[in-house]
K.L.:
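Okay, here's the structure, questions in a sec.
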Amino acid sequence: TPVMVTPMGVDPFIDNWAGPAIAASGNNVYVVFKRQPEMMSYIYTVKSTDGGLTFADSVKVDAMQGPTSRFPNITVDGAGNPVVLFMDFNSSWLAATQVVTNSPDGGMTYPMAADASGIGGSDVCDCCPGSILVSGNTQIASFRRNNNNLRDMWGGISSNGGMSFTTG
C-alpha cells in the first residue's frame with residue numbers, strides 16, 4: 001500500500017532526471033526532497049522509524065544556506081545519522097557548489113554544510129545532481145564539473161567525517 005511521505009499540501013520537486021532520494025539504516029528510513037516551487041523553497045528530510053510505514057513531519061536541511069539550493073541526495077552514516085549532499089548557489093543563483101551536511105541527531109537538525117567541491121579549480125555543473133558515500137570517517141561527494149563546457153566527474157574526499165573536503 002502506498003504511504004504518504006511528504007506532509008499534506010507539500011509538493012516535492014520531481015523531474016525525470018532529479019528528485020527525492022531515499023536511504024535507510026535498520027528501521028530508520030530517510031527521504032530528502034526539494035520543495036516546490038524549486039527556486040523559492042528549501043530542502044527537507046522526513047524520517048520513518050518503523051521501516052517506512054509512517055513518516056514524521058519534515059525537517060529543513062538547508063536552513064543556513066537556502067533557499068538557493070537544489071538536487072539533494074542522502075545516505076546514512078555508521079551511527080544511523082543522515083548525511084545530505086546538495087547543490088548550493090549564491091543569492092543570484094550563480095557560483096554553484098556541492099555541499100554536505102551531517103545530522104548529529106538522527107535527522108532532527110542539520111548544521112551548516114561543508115563545501116565538498118572546492119577542489120579542482122573549475123565550476124560545478126549547475127544542472128547535474130551529485131551523490132554521497134560514507135564509510136567510517138571517510139566521505140566522498142561525487143559531482144560533475146563544468147570546465148569551460150568540458151564536463152568531467154570529481155570526488156571531493158573528506159577524512160574527518162564531512163567537516164572538510166580537502167582531496168579531490
K.L.:
May I ask you to decide if Ser164's main-chain N or O and Asn160's side chain share a donor-acceptor pair within less than 3.5 Å?
P.N.:
yes
K.L.:
Picking from Pro20, Pro72, Ser58, what satisfies side-chain contact (heavy atoms from CB on, under 4.5 Å) with Tyr44?
P.N.:
Ser58
K.L.:
Which heavy atom of Thr75 sits nearest a heavy atom of Ala23, and at what distance?
P.N.:
CA-CB, 3.8 Å
K.L.:
Side chain to side chain contact (heavy atoms under 4.5 Å, CB included), that's the test. Do Val29 and Lys47 meet it? Break it down for me.
P.N.:
CA-CA 6 Å; Val29 179; Lys47 178 182 180 182; over 6 Å; no
K.L.:
Taking C-beta and beyond as the side chain, do Tyr30 and Val46 meet within less than 4.5 Å on heavy atoms?
P.N.:
no
K.L.:
Distance check, rounded to the nearest 0.5 Å: Asp105 atom CG versus Asn81 atom CG?
P.N.:
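Going from CG on Asp105 over to CG on Asn81, the span is 7.0 Å.
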K.L.:
Looking only at heavy atoms, what is the nearest atom pair of Trp93 and Met39, with distance?
P.N.:
CZ2-O, 3.4 Å
K.L.:
Just by modelled atom types, is the Ser69 backbone N or O under 3.5 Å from a matching donor or acceptor in the Lys34 side chain?
P.N.:
yes
K.L.:
Tell me if a side-chain donor or acceptor on Ser48 pairs with a main-chain N or O of Asp50 at a distance below 3.5 Å.
P.N.:
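Yes; at least one donor-acceptor contact below 3.5 Å.
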K.L.:
Considering non-hydrogen atoms only, spot the tightest contact between Val32 and Asn73 and give its length.
P.N.:
CG1-C, 4.0 Å
K.L.:
Rounded to the nearest 0.5 Å, how far does CG of Asp88 lie from CE of Met64?
P.N.:
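If we round to the nearest 0.5 Å, Met64:CE and Asp88:CG are 13.0 Å apart.
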K.L.:
Of the non-hydrogen atoms in Val100 and Ala116, which two are nearest, and what is the gap between them?
P.N.:
CG2-CB, 4.0 Å
K.L.:
Can a donor-acceptor pair be found, under 3.5 Å and without considering hydrogens, that links the side chain of Thr68 to the backbone of Phe89?
P.N.:
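Such a contact is found between Thr68 side chain and Phe89 backbone.
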K.L.:
Would you give the length of the straight line joining atom OG of Ser41 to atom CD of Gln36, rounded to the nearest 0.5 angstrom?
P.N.:
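Reported to 0.5 Å precision, the distance equals 7.5 Å.
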K.L.:
Under 3.5 Å, is there a donor-acceptor pair linking the side chains of Arg151 and Asn149?
P.N.:
yes
K.L.:
Please round to the nearest 0.5 Å and tell me the distance separating atom CZ of Phe86 and atom OH of Tyr110.
P.N.:
10.5 Å
K.L.:
Count I, L, V, M, F, W, Y as connected when their side-chain heavy atoms are under 4.5 Å apart, and connections chain through other members. Are Val31 and Tyr42 then in the same cluster?
P.N.:
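Yes: a chain of side-chain contacts under 4.5 Å links Val31 to Tyr42.
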K.L.:
I need the minimum non-hydrogen distance between Asp115 and Gln98, along with the two atoms involved.
P.N.:
OD1-O, 3.4 Å
K.L.:
Under a single-linkage definition using a 4.5 Å side-chain heavy-atom cutoff for Ile, Leu, Val, Met, Phe, Trp and Tyr, are Val61 and Val59 assigned to the same hydrophobic cluster?
P.N.:
yes
K.L.:
Between Arg70 and Asp126, is there a donor-acceptor pair closer than 3.5 Å when you use the side chain of the first and the backbone of the second?
P.N.:
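Confirmed, Arg70 side chain pairs with Asp126 backbone.
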K.L.:
Can you find a pair of side-chain heavy atoms, one from Pro7 and one from Asp57, that are under 4.5 Å apart?
P.N.:
yes
K.L.:
Between Trp154 and Ile119, is the side chain to side chain contact (heavy atoms under 4.5 Å, CB included) condition met? List the steps.
P.N.:
CA-CA 9 Å; Trp154 278 79; Ile119 41 85; 3.5 Å; yes
K.L.:
Please report the shortest heavy-atom distance between Gly162 and Gln139, naming the atom on each side.
P.N.:
CA-OE1, 3.3 Å
K.L.:
May I ask you to test the Val84-Thr45 pair for a side-chain heavy-atom distance under 4.5 Å?
P.N.:
yes
K.L.:
Any side-chain heavy atom of Cys128 sitting closer than 4.5 Å to one from Trp17?
P.N.:
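The answer is no; the side chains never approach within 4.5 Å.
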K.L.:
Looking at CZ of Arg144 and SG of Cys125, how far apart are the two atoms once the value is rounded to the nearest 0.5 Å?
P.N.:
5.0 Å
K.L.:
Nearest 0.5 Å, what's the CD1-CD1 distance between Ile140 and Ile132?
P.N.:
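It is 8.5 Å, given to the nearest 0.5 Å.
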K.L.:
Distance-only, no hydrogens or angles: does the Asp62 side chain make a donor-acceptor pair with backbone N or O of Ile43 under 3.5 Å?
P.N.:
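It does hold such a pair.
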K.L.:
Do Ser117 and Thr97 get their side chains close enough for a donor-acceptor pair, meaning under 3.5 Å?
P.N.:
no
K.L.:
Taking CE in Met153 as the centre, count heavy atoms belonging to other residues, nucleotides or ligands within less than 6.0 Å. Is the count above 12?
P.N.:
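It does: Met153 CE has more than 12 such atoms within range.
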K.L.:
Ile22 and Val5: same hydrophobic cluster, using ILVMFWY side-chain contacts below 4.5 Å?
P.N.:
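Yes, because Ile22 and Val5 connect within a single hydrophobic cluster, where side-chain heavy atoms sit under 4.5 Å apart.
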K.L.:
Heavy atoms, side chains only, cut-off 4.5 Å: are Phe55 and Val3 in contact?
P.N.:
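They are in contact (side-chain heavy atoms under 4.5 Å apart), so the answer is yes.
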K.L.:
Is any side-chain heavy atom of Phe33 closer than 4.5 Å to a side-chain heavy atom of Val10?
P.N.:
yes
K.L.:
Just checking, any donor-acceptor pair under 3.5 angstrom between side chains of Asn27 and Thr49?
P.N.:
no
K.L.:
Can you check side chain to side chain contact (heavy atoms under 4.5 Å, CB included) on Phe143 and Phe71, steps first, answer last?
P.N.:
CA-CA 11 Å; Phe143 52 92; Phe71 306 142; over 6 Å; no
K.L.:
Taking the side chain from Asp77 and the backbone from Gly80, do they hold a donor-acceptor pair closer than 3.5 Å?
P.N.:
yes
